Trainee: 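This structure is in structure tokens; I'll ask about it shortly.
Proteins get letters first, then strands, A, B, ... in listed order; numbering begins at 1 in each. Atoms considered below: every heavy atom in the structure, side chains included; atoms not considered: hydrogens, waters and symmetry mates. The structure displayed is predicted, hence computed values, not measured ones.
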2 protein chains.
Amino acid sequence: MTMPKRDTYTPDSLLTVAVQVFNERGYDGTSMEHLSKAAGISKSSIYHHVRGKEELLRRAIARALDHLFAILDEPEAVNGRAVDRLEHVTRRTAEVLMAELPYVTLLLRVHGNTDTERWALARRREFDQQVAALLKQAAAEGDLRADVDVRLATRLLFGMINSIVEWYRPERGTLAAREEVAEAVAKMAFAGLRV
Amino acid sequence: MTMPKRDTYTPDSLLTVAVQVFNERGYDGTSMEHLSKAAGISKSSIYHHVRGKEELLRRAIARALDHLFAILDEPEAVNGRAVDRLEHVTRRTAEVLMAELPYVTLLLRVHGNTDTERWALARRREFDQQVAALLKQAAAEGDLRADVDVRLATRLLFGMINSIVEWYRPERGTLAAREEVAEAVAKMAFAGLRV
DNA sequence: AGGGTAACCGAACGATCGGTCGGGACAAGA
DNA sequence: TCTTGTCCCGACCGATCGTTCGGTTACCCT
């Protein structure tokens with residue numbers, strides 16, 4: 001353990017506060033004044049720790065993306081039948097989404113108004129396409145029901161997973177609770193998708 | 001038919017433009033300047049047709065909510081077994097979501113920063129709860145699989161439906177295309193949910 | 001022809017936006 | 001004790017925000 005000494009802000013601890021406010025009010029709806037109130041320091045002090053509002057967004061989004069892409073490198077996502085790899089990615093994506101909730105929420109709500117936001121959208125598309133490829137392969141291997149279009153199924157699957165950010169609140173956010181939700185997601189999705 | 005004479009703006013035709021820009025840039029990320037450029041009239045002219053930015057949001061959200069609540073009054077949503085009524089509501093919600101895409105999209109992205117937005121959130125919760133009640137009844141009647149929590153299933157179902165706004169684009173938006181997507185949604189959801 | 005009004009405009013309003021600036025308080029190292 | 005650097009502040013910047021205002025068209029009705 002390294003943490004509990006600080007009573008002053010670090011870029012990361014400030015990010016924790018900022019991301020929370022961003023999610024409550026929306027990024028565009030959040031002013032530096034809002035952030036300063038929430039952090040308990042003056043507006044100008046924020047600039048001692050980070051370059052500005054957009055850097056906070058960039059840091060948050062980068063963190064979310066790092067966690068998501070790491071899933072695709074896990075052994076269970078690389079080895080085995082495509083359908084099993086897909087189910088693993090589904091479950092793990094749901095888990096990461098809950099573990100990194102505020103960061104992923106921010107990522108999922110980006111509009112593309114600035115360079116940072118467009119970069120976020122591009123990286124998200126990358127991730128989606130890699131999962132879509134997995135789903136396509138699973139379909140080609142005959143492990144998915146044939147009467148649902150692959151692209152449509154991909155989108156609905158992600159829709160279901162990503163919607164977790166709309167209601168999941170990690171109040172008593174134990175690992176077990178997250179695994180339970182991820183299990184339900186995988187069950188509902190694949191009981192409908194599997195042959 | 002009454003319409004096709006106007007080459008000037010009405011509150012409704014202006015709303016069409018505004019809602020599109022709101023969805024591209026986000027409501028908070030859209031300035032009246034943006035709207036005036038998109039509408040091709042000056043910023044001040046907008047105030048000739050509507051009271052202001054927030055009225056545009058209120059009109060858009062009201063339209064979305066009207067269409068959604070109308071579903072619950074349809075005969076197929078009132079009569080019959082709960083599970084069948086639920087499937088009807090699911091299918092119709094998906095259809096309405098596509099038919100009224102920009103308006104519903106706006107509704108689903110509200111944050112609660114103003115009175116108008118908080119009103120929107122409250123009405124949304126009403127709708128969700130009515131559907132949740134339907135799902136609960138279907139479960140009580142033994143028509144839904146028992147190994148998925150009812151509240152969780154409701155949320156995932158809505159998550160799947162609502163995620164349509166993230167990717168559906170009504171370019172060749174015929175009624176048939178919409179029915180096809182709604183059919184896929186219902187199939188995926190209920191092939192996983194039904195006993 | 002003339003009066004009324006719907007539709008529009010440029011200019012400007014006070015407020016707030018994200019960000020800058022110079023400096024004060026305080027602790028550590030010399 | 002005197003620096004040095006971290007952390008923070010109030011005051012302020014130009015730009016942009018949503019909105020208002022006074023006025024100019026252009027068309028309809030008589």
Side-chain angles (χ1 to χ4, degrees), chain A residues 2-61 106 110-118, chain B residues 2-61 106 110-118:
Chain A
T2 53
M3 280 286 95
K5 192 172 53 178
R6 285 280 169 201
D7 61 330
T8 183
Y9 275 113
T10 65
D12 270 359
S13 66
L14 187 59
L15 182 62
T16 304
V17 176
V19 162
Q20 184 180 326
V21 183
F22 284 160
N23 282 327
E24 283 167 4
R25 313 187 62 96
Y27 175 72
D28 285 319
T30 302
S31 70
M32 295 304 276
E33 192 70 33
H34 291 136
L35 293 185
S36 83
K37 299 281 185 195
I41 61 176
S42 76
K43 208 171 54 152
S44 49
S45 295
I46 295 176
Y47 290 86
H48 176 72
H49 301 287
V50 294
R51 287 178 110 66
K53 192 184 176 187
E54 194 165 353
E55 175 174 325
L56 288 167
L57 179 64
R58 192 172 53 248
R59 279 173 179 265
I61 287 172
L106 214 44
V110 148
H111 280 293
N113 295 342
T114 65
D115 284 339
T116 297
E117 300 193 22
R118 281 183 286 274
Chain B
T2 54
M3 280 287 94
K5 191 171 55 177
R6 285 281 169 202
D7 61 329
T8 183
Y9 275 113
T10 65
D12 270 359
S13 65
L14 187 60
L15 182 62
T16 304
V17 177
V19 162
Q20 184 179 326
V21 183
F22 284 160
N23 281 326
E24 283 168 2
R25 313 188 64 99
Y27 175 73
D28 286 320
T30 303
S31 70
M32 295 304 276
E33 191 70 34
H34 291 137
L35 293 185
S36 85
K37 299 282 186 195
I41 61 176
S42 76
K43 215 170 44 152
S44 50
S45 296
I46 296 176
Y47 290 86
H48 177 71
H49 301 286
V50 294
R51 288 180 109 71
K53 192 184 177 187
E54 195 165 354
E55 175 174 325
L56 287 166
L57 179 65
R58 185 160 21 87
R59 280 173 179 266
I61 287 173
L106 213 44
V110 147
H111 279 293
N113 294 341
T114 65
D115 283 340
T116 298
E117 300 193 20
R118 281 184 285 275

Trainee: Just how far, in rounded Å, is P of C:dG18 from CG of A:L57?
Mentor: 13 Å

Trainee: Return the set of residues passing side chain to side chain donor-acceptor pair (under 3.5 Å) with A:E54 (not counting sequence neighbours), or none when no residue passes.
Mentor: A:T114, A:T116

Trainee: Using distance only, find each side-chain donor-acceptor pair of residues 19-28 of chain B under 3.5 Å and give its atom names and separation, not counting sequence neighbours.
Mentor:
{"unit_1": "B:N23", "atom_1": "ND2", "unit_2": "B:V19", "atom_2": "O", "d": "3.3"}
{"unit_1": "B:N23", "atom_1": "ND2", "unit_2": "B:P102", "atom_2": "O", "d": "2.8"}
{"unit_1": "B:R25", "atom_1": "NH2", "unit_2": "B:H34", "atom_2": "NE2", "d": "3.4"}

Trainee: Please identify each residue that fulfils side chain to side chain donor-acceptor pair (under 3.5 Å) with B:R58, with sequence neighbours left out.
Mentor: none

Trainee: Are side-chain heavy atoms of A:R59 and A:V50 found at a separation under 4.5 Å?
Mentor: yes

Trainee: Taking side-chain contact (heavy atoms from CB on, under 4.5 Å) as the test, write out the residues that go with A:S42, two or more places apart.
Mentor: A:S44, A:S45

Trainee: Please list, chain by chain and in numerical order, all residues satisfying salt bridge (Lys or Arg N to Asp or Glu O under 4.0 Å) with A:R118, sequence neighbours excluded.
Mentor: A:D115

Trainee: When the axes are fitted on five pairs at both termini, how much does the helix from C:dA1-D:dT30 to C:dA30-D:dT1 curve, in 10° steps?
Mentor: 0°

Trainee: For A:T16, what residues pass the side chain to side chain donor-acceptor pair (under 3.5 Å) criterion, not counting sequence neighbours?
Mentor: none

Trainee: Counting only non-hydrogen atoms, which of residues 41-56 of chain B are less than 4.0 Å from DNA chain D?
Mentor: B:K43, B:S44, B:Y47, B:G52, B:K53

Trainee: Strictly below 4.0 Å, heavy-atom distances to any atom of DNA chain C: list the hits from residues 22-38 of chain B, or just say none.
Mentor: none

Trainee: Using a cut-off of less than 4.0 Å, is there contact between a side-chain N or O of A:T8 and OP1 or OP2 of D:dT6?
Mentor: no

